[in-house]
Number of protein chains: 2
Amino acid sequence: MTQTGETLEKREIDSVREKPNRIVIVGGGFGGLACASKLGGAPVDVTLIDKRNHNLFQPLLYQIATAILSPADISEPLRRTLGKERNVDVVMAEVVGIDAKRKAVLTRDGAPVEYDTLVIATGSVDNYLGHDEWRQHAPGLKTNRDARRVRETLLLAFERAELTLDPDERHKLLTFVIVGGGPTGVELAGAIAELGAFLLRRDFRNITPEELNIILLEAAPGILSGFDKKLSRYALKRLEARGVDVRVNTPVEAITAGEVTAGGEKIPTGCVIWGAGVKATPVAEWLDVEPQRGGRVPVATDLGAIGFEDIYILGDAASVQGEDGPFPALAQVAKQQGQYLGRKLRGEAEGRHDVAPFRFRNRGITAVIGRNAAVFQSGRFKLTGRLAWWLWAIIHVYLLVNFEKRLLVSVQWIWTFLTGQRNARLIDDKT
Amino acid sequence: MTQTGETLEKREIDSVREKPNRIVIVGGGFGGLACASKLGGAPVDVTLIDKRNHNLFQPLLYQIATAILSPADISEPLRRTLGKERNVDVVMAEVVGIDAKRKAVLTRDGAPVEYDTLVIATGSVDNYLGHDEWRQHAPGLKTNRDARRVRETLLLAFERAELTLDPDERHKLLTFVIVGGGPTGVELAGAIAELGAFLLRRDFRNITPEELNIILLEAAPGILSGFDKKLSRYALKRLEARGVDVRVNTPVEAITAGEVTAGGEKIPTGCVIWGAGVKATPVAEWLDVEPQRGGRVPVATDLGAIGFEDIYILGDAASVQGEDGPFPALAQVAKQQGQYLGRKLRGEAEGRHDVAPFRFRNRGITAVIGRNAAVFQSGRFKLTGRLAWWLWAIIHVYLLVNFEKRLLVSVQWIWTFLTGQRNARLIDDKT
């Protein structure tokens, strides 16, 4: 090797080293994890901060709630995914703010974490439409803890209904109210109908499937509003065939302990579940900027936060300024944005500057109503029924992180499909 | 069919119907569930009462605690096992007493449950040796909730040790104390050593396997006191080879938040787990009789509670009066006693009277120290090492209730064996 070659190489390395090289990613969801993975092995130091120790496959949380899967089946420890990337640190801490002047992320219990470049991928939280007091009576479905809580509430309602001698109390306990007719609400309603029909037919003595009363409340004129009208009507018909009482044009007016008021009617209930939409995590507040619709923070087409040099935002917390407008709050959007940002930041660290704006490649949207019944839509391609259901199952198994999880989830789905049995019918004791 | 035949058949049925026919079983563990299963289809009404909705395979709880399995993998809903037996009712309720005069079981929230024959199979609880105040700092390992709590404490200790800059704090967080050198303590210590070695080598940056400090405290002169001396010495050597600090002749003197005192030494610690033995549930109190050693209630050789006509007690809560003396607190004892009682009560209901005393058929005892290392003993037959480990694994998979669980647990064990990875490394978020 010649002297010139060595010098050139050295100079290139120096020019790389001079770059800002501490990248901090807040949030280990689909977006943050994809970004961190893309930066594995790049000439930067990466720190991924999350208050949980695992990435959660949220689209299947409703299956935890309805006793088909266990939390570990859809949760992947962040250290497991990133453990081999020696330039990526994982920090388990709760972020409470950002000091953009000092370029530091503030955490609840630990020291501030300084960054040169910050990626915010904190996603969204349940949106109680200004009624945060409803939260205690109507859990959402965002974490394993939420899903386990819903599962215990559902199963306990069946146990108590079996024991009570009071017909009003029994009717109340067997009335399940789901708020919101989006994919979460539809999937939950369908899964609860199947769970109830199986359990009450086989395992209980004093209550029958006919007494089950599942009510799906939707403020808009139709369910699955993000889908084609035809698919929405199909979903409605299938839900009704399974005994779900779907009430459209019916906004919720009040939720108290044991009672929901909607469309002027008071509904006594043993279980309310909130699936009526989300809002962004308080990133706008952390950055002291004016939030847009749903609490989202405006970003440029390269996901750079507008008004900040070195902060990027992706996923549910970001609102893109430009031709495409805000993207839907979907896992695939966050994941693609994370991959885009990871590639972009890696390129910059390696001396390449790729300024192509982020483009979303829609992989299609899907919702499952029950066994052999689902809807799938990608552009003008639409599918319903058994084929859509199988497509949904295959896609979701494929998306699970590793081989073992794919195998475990497949076994449990096949078992539930064949027998109706649910593996995860657990109520913990309180002591 | 002749007139005589019809009359005879009718008379037989009447003679059966006149018998006491309401059998109430309290406790859905190995004993109670085996008894209920044997009574399925018999001419009696059976009610199984448990405060949980599932039977728990307690011998594998330490694998929940060390992130190999999920609660649902080793828990079988009682209604699932018994759902098809139309003469068996399952009641989810907490029993708080027995009114032997009124022949009724008292529950916390519900109505008393009346019986003609009562089977008590409530097992045992952790025995804190008169120091119940230790419980809050040193959870035992009796329920899924306990095991999940231990798992979260262990995993959080690693996370906090990774973040702290204080070497004393780090040393404290990485010191795990296990109280009791019986099978539970030995299995936990071995499994924590393997978990720690794998995680700290691969997934953490600031802490190393050498900093791990696992202390097993045993008051007696040796561990695994129920086993042959040779096996006990083998277990000790294997644990020490895995880095466990085994301290025999070292009784615990005090447990406070973050500190254990034993053998005169104060040990700062991030996690204490209690595995130092059990005592019977308060059955003696319920029946107002004088308990024997470990809180057990004296029963005759047919498991009938002494002094009561119609109450039987089995498993950890019973102490047999007779040639065999009390049986060890083992799942196999409870299960065999449950089967024996089920057969006996079924026989009586069908007009047969089998008064043979219960006989225990020892299937051998086993404890696993880690991968490829276990001990197995059955009478004079002894086995250690790889073969004992495989025998242990095969027996435990075989004992799991249904095909699906066997398959799921096998997949996870094979995966962990091959890769060292643990599927269930979950810390729930608190919100």
Side-chain angles (χ1 to χ4, degrees), chain A residues 51-54 67 69-73 75-80 82-84 86 89-94 109-111 143-145 148 155-156 158-160 162-165 199 202-206 402-405 407-408 411-412 415-416 419 421-431, chain B residues 51-54 67 69-73 75-80 82-84 86 89-94 109-111 143-145 148 155-156 158-160 162-165 199 202-206 402-405 407-408 411-412 415-416 419 421-431:
Chain A
K51 64 179 169 179
R52 291 193 291 250
N53 77 332
H54 55 274
L69 297 176
S70 288
D73 296 330
S75 306
E76 180 76 2
L78 293 169
R79 294 193 184 280
R80 177 171 179 168
L82 299 169
K84 280 189 176 157
R86 305 310 293 189
D89 263 10
V90 174
V91 168
M92 189 179 157
E94 190 182 351
D109 297 314
T143 67
N144 279 321
R145 204 182 178 83
R148 259 207 340 256
L155 295 176
L156 262 178
F158 289 130
E159 294 291 341
R160 290 187 178 140
E162 171 83 353
L163 286 183
T164 186
L165 301 172
L199 288 187
R202 184 187 179 278
D203 284 358
F204 286 79
R205 301 284 177 267
N206 305 326
N402 65 48
F403 170 75
E404 187 205 15
K405 285 208 187 338
L407 187 58
L408 290 175
V411 167
Q412 291 176 92
W415 186 261
T416 302
T419 66
Q421 283 288 6
R422 319 246 161 167
N423 193 39
R425 273 157 62 187
L426 295 191
I427 306 172
D428 266 334
D429 45 359
K430 298 289 176 286
T431 47
Chain B
K51 65 179 169 181
R52 294 193 289 251
N53 77 332
H54 54 275
L69 296 177
S70 288
D73 296 329
S75 307
E76 180 76 3
L78 293 169
R79 294 191 185 281
R80 176 171 178 169
L82 299 169
K84 280 189 176 157
R86 306 311 291 189
D89 262 12
V90 175
V91 168
M92 190 179 156
E94 189 182 350
D109 297 314
T143 67
N144 279 321
R145 202 182 180 84
R148 260 208 338 258
L155 296 176
L156 262 178
F158 290 129
E159 294 292 340
R160 288 187 180 142
E162 170 83 353
L163 286 183
T164 186
L165 301 172
L199 288 187
R202 184 186 179 280
D203 284 359
F204 286 80
R205 300 285 176 267
N206 305 327
N402 65 49
F403 170 76
E404 187 204 16
K405 287 210 184 338
L407 186 57
L408 291 173
V411 167
Q412 291 176 92
W415 187 259
T416 302
T419 66
Q421 283 287 5
R422 318 251 161 163
N423 193 38
R425 274 157 60 187
L426 294 190
I427 306 172
D428 265 336
D429 45 358
K430 298 290 176 286
T431 48

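Chain A is the first sequence line, chain B the second, and so forth, proteins listed ahead of strands; every chain is numbered from 1.
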Checklist entry - Considering only heavy atoms, which portion of R80(A) lies under 4.5 Å from any heavy atom of chain B: side chain, backbone, both, or neither? => result both
Checklist entry - For E76(A), is it the side chain, the backbone, both or neither that has a heavy atom under 4.5 Å from a heavy atom of chain B? => result neither
Item to check | Closest-packed option against chain A by number of heavy-atom pairs under 4.5 Å, given P77(B), A67(B), S70(B) | outcome: P77(B)
Next on the checklist: Heavy-atom pairs under 4.5 Å with chain A: which of R205(B), E162(B), R86(B) has the most?
Outcome noted: R205(B)
Checklist entry - Who are the salt bridge (charged side-chain N to carboxylate O under 4.0 Å, His left out) partners of E159(A), not counting sequence neighbours? => result R79(B)
Next on the checklist: Does any backbone or side-chain atom of L82(A) lie under 4.5 Å from a heavy atom of chain B? Answer side chain, backbone, both or neither.
Outcome noted: backbone
Item to check | Counterpart residues, salt bridge (charged side-chain N to carboxylate O under 4.0 Å, His left out), relative to R202(A) (two or more places apart) | outcome: none
Item to check | Residue selection (most heavy-atom pairs with chain A, distance under 4.5 Å) from S75(B), G110(B), A111(B), A93(B) | outcome: S75(B)
Checklist entry - Checking R160(A) against chain B: side chain, backbone, both or neither under 4.5 Å from a heavy atom? => result neither
Checklist entry - Quick one: CG on D203(B) to CG on L78(A), what's the gap to the nearest 0.5 Å? => result 10.5 Å
Checklist entry - Out of L163(A), L155(A), L156(A), which one pairs with M92(B) under the side-chain contact (heavy atoms from CB on, under 4.5 Å) rule? => result L156(A)
